[in-house]
Structures are given as structure tokens and as C-alpha cells.
Amino acid sequence: MKLLKVLLLFICVNVSAQQGGMWIPSLLKGMNETEMQSLGSKLSADDIYNVNNSSLKDAIVHFNGGCTAEVISSKGLLLTNHHCGFGQIQSHSSVEEDYLKDGFWAMSLDEELPNKNLEVTFIISIEDVTKTVLNGVSDDMSPKEIQSLIQKNTNGLQKSFKKEEWQSTKVKAFFKGNQYFLFVTESFEDIRLVGAPPSAIGKFGSDTDNWIFPRHTGDFSMFRIYADKNNRPAKYSKDNVPYTPKHFLPISLDGIQEGDFTMVFGFPGRTNEYLPAVAVEQITQKVNPTNIKIREKALKVIDAAMKTDDKTRIQYASKQASIANYWKKWIGENQGIEKSNAIAKKRTFETTFMKAISKNKYKKHQTLLSDFDKLYGDFEPYAVKRSNFFEIFYRNNELMQTMFRLYQFEQRVEKLKLNKDETKSATAEKLKEIHDTEGYKKAKEYVISQITRIQKNYNANVDKGVFEAIMPLYDAKNSNSDFYNTSSFTNLTDALKVLEGTSNNVITAINNDAAYKFAKPYIAEFYNDLEPNYQRINAEIAKVQKQYMKALMEVLPSDRYYPDANSTLRVTYGQVKGYAPRDAVYYNPVSYLDGVVEKHIPGDYEFNVPEKLLELYKNKDYGQYADTNGKVPVCFLGTNHTTGGNSGSPAIDGHGNLIGLNFDRVWEGTMSDMNYDPSICRNIMVDARYILFIVDKYAGATHLIDEMKLVHPKKK
Ligand code: ARG
Ligand code: ASP
């Protein structure tokens, strides 16, 4: 009897352990802790998150708000993905010194390269502040009223919350606004580039292999945190010193086996697991397909240009990577949703939910799903067009992005005039010249910085080609690109000239520019029609979504709920595990260096393997980094529930050691952002031993290996 109970418990725990979830690190005691231990973890909840003593969380940082990184030495050495450090690697690269192509290794501290606009953020503590934030909020208030009350409560809370002067606070909504947490954070700004493998390793397989398993990418790069003499955050200074962390991750040399416990600790960006069927349908059938088409067209032009010219290749490397990344992700997402029948399954679930709420006490929830239907119906034209607008006038085309910035600038200047008008009942003449006010100066500096950033890596011919390819998808009748020949905004010198002089002159000159004349009506339509309607309906949807979330938890309390990702620190865990994407196909969870060599295509822009790596392979010169089977592991799969933002997150074993570096998911499972399916959703990690092998044997940066703490947890 007792045995049966134990067995049953084991089965339940094991089944539920495969269900995914991104958990709040301060709330792991109880269910998560038990579940993790049943999967083989030796860690307690306190080992992972503890405010009073150092814990694993003290080694994890948000890397520039978009990726994750972890501290791996007592001198603030950071590990993240190659694709997370890509922008920095690119910005230090030129045709002569091409770190993208050849890699970069600082052989001593003074060779490490400082980076503008790069910061990393530690989480000091996490506090539930729901009561304070929702104080006075009630369901019968309008979305606007709720929003402003929440803002007011949050402001008050942040003002009075105790923290050190170099720390910050941030309040974030969870469970669709049913719960709120406050984070005390510490951000460092002097972050230097330490090392990166060549793209032929760090981006091996490029777009063809992106989102794909079997994978053979060594997607890592290294940085270092610098602090002032008191180990506190400081602006860049050559007097700053390597940061001493409260905790850093030892690295396991023992590797992994199928079935081993893994935990991924990082900053997942955004998921939407609790959407109604009607929303998933809209995203996959209306929004994704149109955006995929736009990006496909843009990529054709950019890819061709990058292949013919080295300067263009470096200039467009980051932009191309980010456009290509989600282009391919959306395709996989749509296929996954279709193949797994996700929409029909959600509908079936919604029928169950409706049945459950037919009981009297839940009657108040009865209209939620029909409210969704109605709202998403109204939402659709705005949602699709707004999304396409951003693709055309922001994401894929840089001259249009410049026009978008200029429009915002003009609006800002207009607003300045109005304010002055209202406050002083001055004559029109006096109002004419506002060019010397602080507000105008600031607005101009801002738009100049934006245009300078765009122009830094700009090629007007490529951009014009992109425009001609994508604009017809927004407005088939009006896509003549002649204005590229006369606009001043296709080069920085002419652009800056237009921005010289008094506000009136500048605004007039902008309005006389051919590109602005073309773009302005579209951007005005966005601001006057698309955006307000989108935001209005979106606020209504958010209100229903908040009630729906609450209703789910109330009506079906035995289901498993975890908050959607919102760029806050989370723990996800699972096991090393392969998967079967199709009939008769099973992917082993580990790939090896042999596979890198198998994929080698000499001279290919995606699959060329560097000579030195081939050499190491030929001589089996693997140092201490081979597996017990004599092969060097490269990537492995796990059942950890991850999303964008988890890139660079450490994969941690049951003892708290680093075993890998998260960087991707498998294509068949990219729908996990809306529909996590444990049978097919897998995250992809680089094996820590491959990273060490490349640093040590390929790059010869042994001083970095010496700095790390390598351990053998399995050989006790
Ligand atoms: N798919 C991964 C992630 O979403 C890696 C992307 C790297 N970029 C690329 N275009 N290969 O970010
Ligand atoms: N590659 C993603 C990132 O950059 C991770 C993912 O979407 O799985 O965060």
C-alpha cells in the first residue's frame, strides 16, 4: 500500500514535471522544490534564491535587457551567447579587423574592449506587492482609471521602498495583472568584451540551422563586469576593476546524460500561454503570415547584398540576424500550432471551462469567452495593419524608420509650441522662435542620435531595394522609390544639414524632403487611427484577459499555473531528453564535434569549418573536454520551458554547476510561447565542455580557463 502510494506520487510528479513552467525564483519552496528534487536536483529553494546569503541568483544577470548572462569566475567573467554579444562584436569589427569573421580574444585585462550602451542587471530581491499596487482598484473601473491608479500606487511604493542609493526598483505585473512583484536591482555599465569565437563556430549553420536540431553551433561569447574600487556600479573608467561577485557558477567537466536534471535560470521575455483560441487563431492565421511575407522579401535583398560585399556583410550582420530570426520562428510557430491542433484543443478546453462555470457561483464568468470573440473581431484589422506597419516603417526599412523618427520629432516640437501658447498668452511672433528652449534642444539631440545610429551601418542601395520589395505589400498603388534619389536622409552629412537652424526652418525643411512627403501620410494614419484604436481595444482585451486568468485559477484550481514571461528572472527545469518530431524519427539529445565536421562545406558562408578546428578534430586533441565515449559534445536538448530572452541563460545541474548555455529551441516546438507541448518542445544548449574546448584548445585563451572553477560532481 505504502509502496503504491510512493509509486503514484512518483508518477504524478514525473508527469507534471514535463509540463513546463517559468517559475518565480522567490516562490520555489513547496511544489517546485519537491518536483525538482524528484527529477534529481540536490538543490534547495534557498540554494537558488536567498536574500540573506549568496545563492545561485547572484550569478545571473539580465544582459542589456534582452538576453541573459552568468558570472563564471571570481573576477566578474560573464558568459552569454555569441548572438547576444553580436552587436558588440560587430561594432568593434571592420573589414581590416573582422572579429565577426575571425573571432576575438583579449589575452590580458587591458586588451578587453569597453562597450557603449551595454549594461547588465542583477536581481537583489523580489517582493510581492500586490496589495499595495491594487489598493482601491475594482472591476467596475474603466481600463484607464485602473491604469492610472496602479501607476499612482506603484510610484508611491517605489518612492518609499528601502534600497541602497546605487540600486533601482522595478514593479512588474504577473498573471495578467492579478499579482505584482517589486524587484530591487543593481546595474553595471562598464562591461567589456573578453572573447568571441569566429562566426564559423559561434554562428555555425547560421540561418539554415537556426531553430533546428541536430545543432552544432558554439553560440557563446564572454564579457567582464567592471566596478569601482568599492565593487559598486560605475560609468566606464580605466581605473575600474574586475567585479567581485557574490556568487559565480563552477563549471562541471562531467557533462550530461539523457535523463539528467537540468535547470535554466534567466530572463524569459514574453509568452502568452493563457490566450483564448480566437487570439491564437488571429496571430497564426492573420498576423504571422503577412509579417512572414514582408520579411521574406526584405531578406532576399539583404542576403544577396551581404554575399557580394564584405563591408555590407559587416554593416547588415545584426539587422539581418534579427530579421531572419523571427521570420523563421513564425514559420515554425505556425506549423507547430497547426500540427498539434492547438486551436481545436483550446476550443475543447474552452467548452470544458464553460461547463464548469455553468454552476451558479461562477455565473459572473459566463461572458468572458464571448467578450473575447467580440473584441478580437474588432481588433483584427488594427492588429494586422499595425503589425505590418512596424515591419515596413520601422523594422525592415531604414529610410522609413528615419521618417518615423522625424515624424515623432515634429510632433514633439508641435507640442512644445502648444505648451508655450497655453502658459503664456504671448503674441504669435514671440512663439515663432523656440529653437533655443531646452525642450527643443533635447528633442533635436534625440532625433540626431537616432539618425546617426541608423546611418552608422547604412547602405542606401540595399535599403532602396528593400523598400521596393516590401512597400507593395502595404500599399500596392504607391510604392515608387524615386524619392531615394533626392531625399537628404540617405546620408548623414545631408541629413544633419536639414536639422540645422531654428525650429521653424527645420520643420519646414523636413516637410519639403521627398522621403518625408511620401511617408508622412502613412505615419500620420498610424498615429491618428491605427494606434489609438489598437490601444483602446487592447486595453479592453487586457481587462477581460485579467478576469479570464483569475477565473481559470478559481474554476479549475487543480490545473498548473505559472505566470507568463515578462522579462523577469525565472527558473525553469526539466531533463536532458530527445524528441520525435515525425513518424519514425527520433533525435538523440546530444550532438558531437563529429557532426560539425560532417556538416563542413569548404568555403560555404554558413557551414565552413575553420581549419584549426578540423585539425584539432583530426588529431583528437581534446584535452580534458571529451565525453567518456571519447567524443567532444557540442549541443544538447532539454525539456526546459524557455523563450526569447533565455538566450545566454545557464543550464545548471543538480548541484548548482554550469553544464551548458541555453541559446535556442527546436523548430517543431517554437509554438511554446503560446502552446507549450511537453512532447515536442525542447530547448537547445551548448555543452559547457565545447565552450571550454574552444576557449582552451582553439583560441589558446588558457588564462580564462585558469580563472574558472572546473569541477567533477559525478566523480566523488
Ligand atoms: N533562434 C535563436 C534565438 O531566438 C538564435 C538566434 C541567432 N540568430 C540567427 N539569426 N541565427 O534568438
Ligand atoms: N534564441 C532565443 C533568445 O535569443 C531563445 C529562444 O527563443 O529560445 O533568447
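Only heavy atoms go into these numbers, but all of them, side chains included; no hydrogens, no water, no symmetry mates. Everything numeric in this text was worked out from a predicted model, so none of it was measured. In each ligand, atom 1 is the first atom listed, and ligand 1 is the first ligand listed.
Looking at Asp207 against ligand 1, only its side chain comes within 4.0 Å, counting heavy atoms. The proximity of Asn81 to ligand 2, defined as any non-hydrogen pair under 4.0 Å, does not occur for either the backbone or the side chain. Within the 4.0 Å heavy-atom criterion, neither part of Gln320 lies near ligand 1.
Between Asp564 and the options Lys176, Arg270, Arg570, a salt bridge (Lys or Arg N to Asp or Glu O under 4.0 Å) holds for only Lys176. Screening Asn396, Thr290, Asn291 for a side-chain hydrogen bond (donor to acceptor under 3.5 Å, both in side chains) with Glu391, the sole residue that qualifies is Asn396.
With respect to atom 9 (C) of ligand 1, the closest heavy atom belonging to the protein is Asn210 ND2, 3.5 Å. Atom 7 (O) of ligand 2 has Arg665 NH2, 2.8 Å as its closest protein atom, hydrogens excluded (heavy atom only). In terms of protein heavy atoms, atom 3 (C) of ligand 1 is closest to Asn325 ND2, 3.4 Å. If you check which protein heavy atom lies closest to atom 5 (C) of ligand 2, you get Ser647 OG, 3.2 Å. Among protein heavy atoms, the minimum distance from atom 9 (O) of ligand 2 is reached at Gly645 N, 2.6 Å.
Glu70 is not listed as a side-chain neighbour of Leu78, based on a closest heavy-atom distance of 4.5 Å or more. Proximity of Phe390 to Arg395: side-chain heavy atoms (C-beta onward) are nowhere separated by under 4.5 Å.
Lys203 has no carboxylate O lying under 4.0 Å from a charged side-chain N of Glu606, or vice versa, which leaves the two without a salt bridge. A salt bridge is defined here as a Lys NZ or Arg NE, NH1 or NH2 lying under 4.0 Å from an Asp or Glu carboxylate O, and Lys329 with Asp664 fails to meet this definition. Under 4.0 Å is where a charged nitrogen must lie from a carboxylate oxygen, and between Asp687 and Arg689 at least one such pair does. Note on Asp98 versus Arg313: salt bridge recorded, some NZ/NE/NH1/NH2 to OD/OE distance being below 4.0 Å.
Remark: ligand 1 atoms within the under-4.0 Å shell around heavy atoms of Ala321 are 10 (N). Atoms of ligand 1 found under 4.0 Å from any heavy atom of Asp664 (numbered from 1 in listed order, with element): 1 (N), 2 (C). Listed by atom number, the atoms of ligand 2 under 4.0 Å from Asn646 heavy atoms are 9 (O). For ligand 2 and Phe663, the ligand atoms under 4.0 Å from any heavy atom of the residue are 1 (N), 2 (C), 5 (C). Short contacts between ligand 1 and Lys203, defined as distances under 4.0 Å to a heavy atom of the residue, involve ligand atoms 11 (N). Using a 4.0 Å cut-off to heavy atoms of Trp211, the atoms of ligand 2 that qualify are 7 (O).
In terms of polar-atom proximity, defined here as any N/O pair under 3.5 Å, His83 does make such a contact with ligand 2.
Classified by interplanar angle (parallel below 30°, tilted 30° to 60°, perpendicular above 60°), the ring pair Phe174/Phe181 is perpendicular.
Judged purely by atom type and a 3.5 angstrom limit, Thr284 uses its side chain to pair as donor or acceptor with the backbone of Val280.
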